[in-house]
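Lettering of chains follows the sequences in order, A, B, ..., and the numbering in each one begins at 1.
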Amino acid sequence: MLVYTVRRVLGTIPILILASVLTFVLIDVSGDPLTQLRMQQPPPDPSVIELQEERLYLDRSMPERYWLWVTGIGGHGDIGLLQGEFGPSTQSNSYDIGAQLAERLGVTLRLVGAAMLLALGLAILAGVVSAMRQYSKIDYTLTFIGFLALSMPVFWFGGIMQHAGVSFNDLVGEQVFATIGDGLYQAQGEDLWGRITNALAYMTLPTIVLMLTSFASWSRYQRTAMLEVLNSDYVRLAKAKGLPNRVVVRRHALRTALIPLTTVVAVGIAGVIDGTVLTEQVFQWRGLGEFFVNAIETNDSYALMAWLLLSGVTVILANLVADLLYGVLDPRIRYE
Amino acid sequence: MHKRRKTLAFAAAGLSALMALTACSGGGGDGAEEEKEVTWVINSLPAAWGAISSAGGSVYVIQMLSGVIPFTGQYQPDATYEYNMDVLAEEPELINDNPDEGPFEFSFTLAEDAVWSDGTPMTGEDLRVTMMMSASPDEGYCTTCDSRGTTGADMVDTVEVDGKTATFKLKEGLANPEWKGMFDAHSVAGGFYPAHLAEEQGFDVEDPDQLGEYFTWLHETRPEWSGGPYKIVDGDLKNQVVKEPNPEWFGETQPALDRIVMPYNTDEGTFIPAFQNGEIDGANPAQYSADIVTQLQDMEATLSIAEGNIWEHVDINVDNEWLSDVELRKAVFTAINRDEIASRNFGSTYPDYELKNNHIFSSQSEYFEDHLSDTTQGDGDIEAAKKILEDAGYELDGDTLTLDGEEVGPFRLRSTDTVTRSNSLQLIQAQLDEIGVKTTIEMTDDLGTMLGEQDFDIVQFGWSGSQYFASNAEQFWHSESESNFGGFSNEDVDKAAEASATASGLDEAAKHANTAVETIVPEAYVLPIMAEPNYFFASERLANVEDNLQSSYRATYNIGEWDIAE
């Protein structure tokens, strides 16, 4: 297992290098980070522009900048992935991309973690129930809900949920659900109970929005996988041996049916992270999604590169974890 | 410190019993006197804690710092100028306005009781250091200050500080018609900054490197200082700032609110539910949204819509072989129907829109002169346009315009891909088609490069207007200006533009600016369409809150007077 893990980790290095080259080149050729400064009225003094070009290393060639971005050798101490520096930002001299990523990662993980857990739990439940009651009313109902959820755009559903939250608040005469912000500031000075209720007030709506698409697709995968397993010989044998249906499903069928879902969830992490871009925008959370939008709006090339690289690393790691989980879920798989 | 949310959060999970329990847990301070708190939205994330730098130079930073940065005056909503006599001891003095008789010279004297929030008196040194940080690095005051607007500060030769007074002398032969605005609400700093904190933080402002470090410190550090009615007590650059009254505020009107929370909200789509939910009390968004305005019109809210500072215009690339002919340009501008464009974009929610008839001044300005109405430009008069073309020797061959048998154009009609500009370009394309001028619409997401490389034949984009106009004509149309994107060159316009920029007073500058406008209109180089409207909305529970479209501070321009209605 350890050897396999090390081999897999080493195997990601060339992928990461390739990803870094592609990320850098694509972002670098996509536009001038100083466009907004050059367009200011009245135009800034040329010495101000020169100062910024030097600060952002735009006075160097693209290969030099890539080398700087990766190693930091020859820079001003604010660049070099190997030194833990993501580069200077166009947003301001004091905008520390690494610190921002770390801080916003925590915000996004709250949302992504809650959404994924909820989506996964509901998807497994819905998938199993649908498979066990194939072609029943509940199967059709869950299928309909799944396709409905798949077809709803995040920004639209987010708006609907906000209005639903406001209507609910009006109905009960209390501000139960908040529609904007992550509530961290509002939780300051609150006791534990206050912090919990505050978190729920701010997290409920965006979590539902973010988990919906994942729930929809994962529940369909789970249903298909479960049906396949339920119709397999070893399950039929287990039933024939007189094992109670609950034991057959939980101990024999579900465990095997989770393997394809593991792969889907690992790959789906990228989709959930993408979903945060819109969800965080709609609900005004200052997480990684909003970091990405800001970076685009301000032509902040180093911030964009950092976001893309982080997304790539997350997907690679998630796939690695999924590979390792196969061994846990399926006793037939052993890593040599 | 924060109003406790009476949360029924578990209701979402359908746990009604817990709903009741948590509802009871809310400690909203029953029986206690309700604090006066207002939540006012900043429409985007501020990039820094200071407004001088190129990154910090946005309306969002200015609005975030409202009530904190002291300033010497500002334009009021009705476009009249008022000095801030809380901060000033007397109106600023213009000592010499004739550069031929000696250096252009003026002085500011701050009020005797004007102090920063730590009790330190405001002095002329604050003005001097703010000026030094606003200048370009080439001036030698500051090595790394990347000021977003260096023009006024770069003119200064010497500054004499005598207690509360700072006297500025400009370099030989220079005049600054906008001298009174050097430290006002519309200046590069949005006012002026404390100098004494530099020493407290260990920076020597006479050392250019250390002044740069102080500049950076001011832009990176959340201000615990204030020179206005409020001071920032909490917040960051990602979520919100919280302001409470500055106990050292020396102004005549004392702040009436206990707290002002300013969350940063970048998605206008969230305004309506948040406003309905009581999470925000109002906002003055930078962009117009007919959809949001329509929804607000049906709600209980104070809502106002008026002409903003960004004005849209159509420019022609005069280096194009066809469009170098002024008669063709006149015909193109005559065929364009400005009213149809404005009506299509804004008519449904802002029927009182005004077409722009002066490139420099809005119709509210005391300097406004209508130089466009007497021409046919922008009228959409197809017959008049055809007549101009016919007189100039062009022929309409079917639906194609030709000159000496050769097809004219087609032209590339360009802009950025926004809804209003997309609508506009489609209309212009149809209007020009009626006089046989064929165009292809090409959108771009990189306006700066497109303009800078003169990569267009006809283009629509926006300029940001300001009450300070003296250098506008020079910037827009001077033959050596980098912002003269269409390549226009005219000696008379150059002279008038230069005279406006170097006039000794605003009246004289306005006279020259109007001359430049009058000269350029017959050249059919730039056709102004209209200023984009801006909207403002506020809860009806607020008092003394109104929009000020003359200022980057917008509704926060008088934040010290805000109150809760009785």
Relative to chain A, which segment of S58(B) carries a heavy atom at a distance below 4.5 Å: side chain, backbone, both, or neither? neither
Side chain to side chain contact (heavy atoms under 4.5 Å, CB included) between V166(A) and I272(B), worked out: CA-CA 10 Å; V166(A) 173; I272(B) 298 296; over 6 Å; no
Who among L451(B), T150(B), T270(B), N472(B) has the most heavy-atom pairs with chain A under 4.5 Å? T270(B)
Report yes or no: does Q175(A) contribute a side-chain atom to a donor-acceptor pair with the main-chain N or O of N277(B) at less than 3.5 Å? yes
Residue I180(A) versus chain B: region with a heavy atom under 4.5 Å: both
Show me the pairs that pass salt bridge (Lys or Arg N to Asp or Glu O under 4.0 Å) and involve residues 264-273 of chain B, at least two apart or across chains. none
Region of Q284(A) in contact with chain B, defined by heavy-atom distances below 4.5 Å: side chain
Applying side-chain contact (heavy atoms from CB on, under 4.5 Å), name anything that partners A497(B), two or more places apart in sequence or on another chain. A473(B), E474(B)
Applying a strict 4.5 Å limit to non-hydrogen atoms, the region of Q100(A) in contact with chain B is side chain
Is the shortest heavy-atom distance from the side chain of T266(B) to the side chain of R286(A) under 4.5 Å? yes
Side chain to side chain, I49(A) and D146(B), heavy atoms closer than 4.5 Å: no
If one checks every heavy atom of N294(A) against chain B at 4.5 Å, the contacting part turns out to be side chain
With a 4.5 angstrom heavy-atom cut-off, which part of P137(B) approaches chain A: side chain, backbone, both or neither? both
Is E50(A) close to chain B through its backbone or its side chain, or both, or neither, when contacts mean heavy atoms under 4.5 Å? neither
Throw together a table of side-chain donor-acceptor distances under 3.5 angstrom for residues 108-118 of chain A, partners on residues two or more places apart or in other chains.
| residue | atom | partner | partner atom | Å |
| --- | --- | --- | --- | --- |
| T108(A) | OG1 | R104(A) | O | 3.3 |
| T108(A) | OG1 | E280(A) | OE2 | 2.7 |
| T108(A) | OG1 | L288(A) | N | 2.6 |

As an exercise, state the distance from CD of Q276(B) to OG1 of T179(A), rounded to the nearest 0.5 Å. 9.0 Å
Under 4.5 Å, heavy atom to heavy atom: which of residues 154-165 of chain A reach chain B? Give them by number, or say none. Q162(A), H163(A)
Does the side chain of K238(B) come within less than 4.5 Å of E290(A)'s, by heavy atoms? no
With a sphere of 6.0 Å drawn around CD of Q287(B), does it hold more than 12 non-hydrogen atoms of other residues, nucleotides or ligands? no
